[in-house]
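To start, the structure itself, in C-alpha cells.
Owing to the predicted nature of the structure, the values given are computational and were not obtained by experimental measurement. Numbers restart at 1 for each chain; the letters A, B, ... are given by sequence-line order, proteins then strands.
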Amino acid sequence: MARPEDLDPVLAELATRVTKALEAAGLPAADPEFERPRQPEHGDWATTVALRLAKPARRPPRDIAQAIIDHIELPEAVESVDLAGPGFVNFRLSHAYFEEVVRTVVAKGDAYGRRQRDAGQREMINIEFVSANPTGPLHVGAGRWAATGDALAELLAADGHGVVREYYVNDAGEQVRRFGESIVLVARGEELDDDHYRGEYIHDLAREIRLEFGEDFFTVGDGIHFPEDQPITGELSIRRVRERAADGPHDAAAEERVEPSLAAKIGEIGVRKMRDHIADVLRAMGVEFDVWFSERVMHDQGAVEQTIEDLRAKGETYEEDGALFLRTTTYGDDKDRVLVRSDGRPTYFAADCAYFRDKWNRDHTRLIYLLGADHHGYVGRLKAAARSLGIPQDRLEIRIGQLVNLLRGGEPVRMSKRAGELITLDEVVEEVGSDVTRYHFLRQSLDTTVDFDLDEVVKQSMENPVYYVQYAFARINSLIRLADERGFAHGELADADLGLLTAPAEQELVRKLAELPGVIADAAELRATQRLTRYAEELASSFHRFYTECRILPSDDLADDERAAAEELGRARYWLAVAAKQVLGNVLAILRVSAPERM
RNA sequence: GCCCCCGUAGCUCAGUGGAUAGAGCACCGGCCUCCGGAGCCGGAAGCGUAGGUUCGAUUCCUACCGGGGGUACCA
C-alpha cells in the first residue's frame, strides 16, 4: 500500500516528528504508519504506532500514545493532536493546509493526483488484456477485460509508470485453418461439422470475401494467387451470432474437406477482418491498444523455433513418446507441458513461451496478464514458462478476473450449442453506451462475478451511478457557466479568501479533494479500479451536498451591507467548485468515462 | 478428487489487521420565492457456520456448508 507520507510532504514531516517524539520519550523506534480515520471526529490522520509498540515496550498503549503527544513538536500544518480509544494518536490538519489543497488542485490542473516518479522508481509495464481469438466477435465478457485493462493501464500511468497496452492476436495454427475452412464450406453451401465455427458472421465473411475476390476464390484451391498487399476493405455487419459449436471431438475427416492451403489463406483473410472489427468495437469503448502482437509473424520469423531451441539448450526440456516437453513442474506446475507434439508441430504453449521472450526482450520491467477465470488453469504453466526463460518471478503478474453472467430480465442468456443466442459486445455498447458499459465493469472488483443484465442496465440507466457522477460534473459546469453569464467577479484564486470555507459541507468537500493522490496510488497498487469509481461517487456526493447547502453566487435581493460579504464568500466557493470540477474531471479521465458539460 | 474466486442490509456491491462495517437500488418520513430535484437531509436493516492466530479479525489460518470457474500432445 502506498505510504501517505510518500505522497505528501506534510505527512512526511509529521512522520519524522513522531519518530523524534518516540526517541525523546525513550521508546523503541517504530515506523509510524498513518491511516485516515473513518469518523471525521477522529481527525484527518491517525497513527497506530502506540498500539504496535505496546508489546515490545511493555507499556500500555495509551501510556505510549500520551508520551508521544507529550514529546511531539507539531508541524505548522498540524493543528492539534489527541489521544483516543485504545491508543490512537489522532492529528487534525489546519485550515491553511486545506486552503493549500485547493490552490494545488487548480495550479496542477490535469496533473493533480498523478504521481511523478524518479527513474529508479518508474516501471515500464506491459499490460496484456482481451486477446480474444480473432475467429469471432467479442462477447460481453471481453468488455470487462477491455474496460478494466484499459483503466488499469491509465491508473498505472497516473501512478507514474510507463505503460504499454497489448493485444496478443492468435492468428496462427490449427484454429485459423479451421476458421478458414468454415468460411469456405459456408460459401460453398456445404454442411459444417461439429468443430467448425458457425454463426451469421461466418456467412457475412463468406459473402464479403466473395464480393472482394470473386466466386472462384472458394473453389479453385491451391493454385490461386493472392497479392500480399491487397487491401482488405468492406464493412462487417455482425449482429446476432449463433454460438460456435465447441467441445466436439477432433474430426480428422474434416481436414480433408478443404485444401489446407486454401483454408489457411481464407482463414488469414477472415482473421484480419475480424481483428479489424474487434479493434473497432474496442475503440468504440475508448480502448486503444499500443501493440497488436501477431502470433503468425512470430512463427514466420522463427521466434518459436528459436525459443524452443533456447529452452532445450538450457536443459529445461526432455523428449518422451516423440514429443518435446518443457519441465514446468520444476517451477511449480502440476505437470510438464508439451512444446512440440509427436508429429513435429509446436503447441500454442510453445508460442506462449516465445511471446514471453519477445515481451521481456522489449525492456519491460513488469508483465501483467489480465485473464478471465476460464483461463485460470493456464496460470501455473505460464508462470513456469516465464521462469524457464529466466524472467524473474516477481516481474510477471497474472491477474484473474471472474466471469460475466449475461442476463436478460434476471434470466441467464442461454449459450447452448446450436440454438443459443449470443449477444456480442458491440451490440451492448451500441445499446447502452460506452460510459455505462465501462462504468458498470469498473465498479466491481476483479474477484467478483459480474451480472450484466441487459434489461436492467437499460432500464436503470437513468439511475446508474455513472449518471450520478456525470451529473455532478455537468452541474459544476452549469454553475461556472452561469457565473460567467451573470458577470460574477470571481477574480483570481490568489485573491480569494479560502479561509471563509468553514461550513461542514465545504470542509467535507475540500478533504475529499485532498484524498485523490492517495486514492490513485492505492488503486494502482492494488490494481483495483473500483477504488476510483467509489471515490468518484463520494466526491460527487460531497459536491452535491456542498451545492445544496452552500449558496455560491450571491442572491439578487441583498442589502448593500450584506452584498460585499456574500460576494467575498461566493468567490471562495466559486474556486472550491472549480477545484472540484478539476478533480472529478481527472478521475473520469482515468476511468475514460466522459465528463459531459451538460446532460 | 485437486486448484482458483465468491458468500457483508430485502437486492447489487464496497471495505486486503484498527475506533460506531459503508454506498446505490427498493421501503418509510422530510426539503423547491433565487445557482440543474438526474439533487439534499433523516429512518429502518447485515459480516454463511465453527474453531484458531492477534492487544485488536469482515480482513490472516484451518475445517465445514452453499454458489461460480478450471483441471487437454484443445486452440
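- B:C32 adopts a syn glycosidic conformation, its chi angle falling within 90° of 0.
- Scanning all heavy atoms of the two residues, the minimum distance from A:Pro596 to A:Asn477 falls at O-ND2, 4.1 Å.
- Residue A:Glu485 is out of contact with every strand shown, counting any heavy-atom pair closer than 4.0 Å.
- Here A:Pro86 lies out of heavy-atom contact (under 4.0 Å) with every strand.
- On the P atoms, B:U58 is 13 Å away from B:G17, given to the nearest whole Å.
- Remark: the separation of the C1' atoms in B:U8 and B:G48 is 10 Å, to the nearest Å.
- Within the structure, a side-chain polar atom (N or O) of A:Lys335 is placed less than 4.0 Å from OP1 or OP2 of B:A72.
- Phosphate proximity of B:G68 to A:Gln402: absent, as no side-chain N or O sits under 4.0 Å from OP1 or OP2.
- Side-chain contact of A:Gln402 with A:Asp447: a donor-acceptor pair under 3.5 Å is absent, judged by distance alone.
- The aromatic ring of A:His376 does not sit over the base of B:G69; the criterion of centres under 5.5 Å apart with planes under 30° is not met.
- Counting only distance, with no hydrogens or angles, the side chain of A:Thr47 and the backbone of A:Val49 share a donor-acceptor pair below 3.5 Å.
- In summary, the side chains of A:Asp435 and A:Gln470 do present a donor paired with an acceptor at a separation below 3.5 Å, with no hydrogens or angles considered.
- Using a 3.5 Å distance cut-off with no hydrogens or angles, the side chains of A:Glu508 and A:Ser542 do pair a donor with an acceptor.
- Test A:Leu407, A:Asn405, A:Val428 against A:Phe452 for side chain to side chain contact (heavy atoms under 4.5 Å, CB included) and you get one pass: A:Val428.
- Among the nucleotides B:C40, B:G36, B:A19, the one closest to any side-chain atom of A:His544 is B:C40.
- Nucleic acid contact for A:Ile552: base, since at least one base atom lies under 4.0 Å from a heavy atom of the residue.
- Below 30°, between 30° and 60°, or above 60°: for A:Phe34 and A:Trp45 the angle between ring planes is above 60°, a perpendicular geometry.
- Checking A:Ser342 against A:Asp321 by side-chain atom types alone, no donor-acceptor pair falls below 3.5 Å.
- Side-chain nitrogen and oxygen atoms of A:Arg399 include none within less than 4.0 Å of the OP1 or OP2 phosphate oxygen of B:C4.
- Of the candidate nucleotides B:C35, B:G18, B:G39, B:G39 has the atom lying nearest to any side-chain atom of A:Thr548.
- In this structure, A:Trp145 atom CH2 and B:G69 atom C1' are separated by 11 Å, rounded to whole Å.
- The A:Thr448 side chain lies nearest to B:A14 when the options are B:A72, B:C35, B:A14.
- As rounded to whole Å, 14 Å separates atom C1' of B:C35 from atom NE2 of A:His490.
- Taking atom P in both B:C60 and B:C73, the straight-line distance is 35 Å, to the nearest Å.
- Between the CD atom of A:Glu174 and the P atom of B:A72 there is a distance of 19 Å, given to the nearest Å.
- With B:A38, B:G39, B:C73 as the choices, the nucleotide that has an atom nearest any side-chain atom of A:Tyr467 turns out to be B:A38.
- Across B:U20, B:G36, B:C13, the shortest atom-to-atom separation from the side chain of A:Gln444 is found for B:C13.
- Going from the P atom of B:G10 to that of B:U16 covers 23 Å, rounded to whole Å.
- Across all strands, A:Asp321 comes closer than 4.0 Å to base atoms (heavy-atom distances).
- Taking the six-membered ring for Trp and thresholds of 30 and 60 degrees, A:Tyr168 and A:Tyr355 have nearly parallel ring planes, at less than 30 degrees apart.
- Contact annotation: A:Arg534 side-chain N/O to B:A14 OP1/OP2 distance is not under 4.0 Å.
- Nearest nucleotide to the side chain of A:Ala373, out of B:G69, B:C35, B:C40: B:G69.
- If you take CZ of A:Phe441 and P of B:C13, they are 12 Å apart, rounded to a whole angstrom.
- Contact annotation for A:Ala46: base contact, defined as any heavy-atom pair under 4.0 Å involving a base atom.
- A:Tyr331 and A:Glu316 share a donor-acceptor pair across their side chains, judged by distance under 3.5 Å alone.
- Going from the C1' atom of B:G7 to that of B:G46 covers 13 Å, rounded to whole Å.
- Here the separation of B:A26 from B:U62, taken at their P atoms, is 41 Å to the nearest Å.
- Here the separation of B:A45 from B:C27, taken at their C1' atoms, is 10 Å to the nearest Å.
- The shortest distance between the side-chain N/O atoms of A:Gln530 and the OP1/OP2 oxygens of B:G15 is below 4.0 Å.
- In this structure, of B:A19, B:C34, B:C55, it is B:C55 that holds the atom nearest to the side chain of A:Lys55.
- Counting distance only, with no hydrogens placed and no angle test, the side-chain atoms of A:Asn90 and the base atoms of B:A19 include a donor-acceptor pair under 3.5 Å.
- Across all strands, A:Thr449 comes closer than 4.0 Å only to sugar-phosphate atoms, never to a base (heavy-atom distances).
- Here the separation of B:U12 from B:U49, taken at their C1' atoms, is 24 Å to the nearest Å.
- A side-chain donor from one of A:Thr48 and A:Arg52 sits under 3.5 Å from a side-chain acceptor of the other.
- With hydrogens and angles left out, the side chain of A:Thr347 and the base of B:C73 share no donor-acceptor pair within 3.5 Å.
- Listed candidates were B:C35, B:G70, B:G18. Nearest to the side chain of A:Arg551 is B:C35.
- Here the C1' atom of nucleotide B:C55 and the CG atom of A:Asp63 are 14 Å apart, to the nearest Å.
- Comparing A:Ser555 and A:Ala540, the nucleotide of RNA chain B nearest to each residue sits closer to the 5' end for A:Ser555.
- The side chain of A:Phe88 sits closest to B:A19 out of B:C40, B:A19, B:C35.
- We find that CG of A:Leu83 is positioned 16 Å from P of B:A19, with the value rounded to whole Å.
- Atom pair A:Arg52:CZ and B:G56:P shows a separation of 14 Å (rounding to whole Å applied).
- Residue A:Thr48 has no polar side-chain atom (N or O) positioned under 4.0 Å from OP1 or OP2 of B:G56.
- Residue contacts shown for A:Glu33 are absent, as no nucleic acid heavy atom lies under 4.0 Å away.
- Listed nucleotides: B:A14, B:A38, B:A19. Nearest to the side chain of A:Ser445: B:A14.
- In this structure, A:Leu482 reaches the sugar-phosphate backbone alone: every heavy-atom distance under 4.0 Å involves primed, P, OP1 or OP2 atoms, never a base.
- Distances shorter than 4.0 Å separate none of the side-chain N or O atoms of A:Tyr468 from OP1 or OP2 on B:G24.
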Item to complete: Taking Watson-Crick and G-U wobble pairs with both distances under 3.5 Å, convert RNA chain B into its dot-bracket string, 5' to 3', dots for unpaired and | for cross-strand pairs.
Response: (((((((..((((....[...)))).(((((.......)))))....(((((..]....))))))))))))....
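- Distances shown here put a side-chain N or O of A:Ser478 below 4.0 Å from the OP1 or OP2 atom of B:G36.
- RNA chain B is contacted by both A:Val450 and A:Gln175; A:Val450 maps to the nucleotide lying nearer its 5′ end (nearest heavy atom per residue).
- Separating the CD atom of A:Glu537 from the C1' atom of B:G15 is a distance of 14 Å, rounded to the nearest angstrom.
- Side chain to side chain, A:Gln507 and A:Arg511 meet the donor-acceptor criterion of an N or O pair below 3.5 Å.
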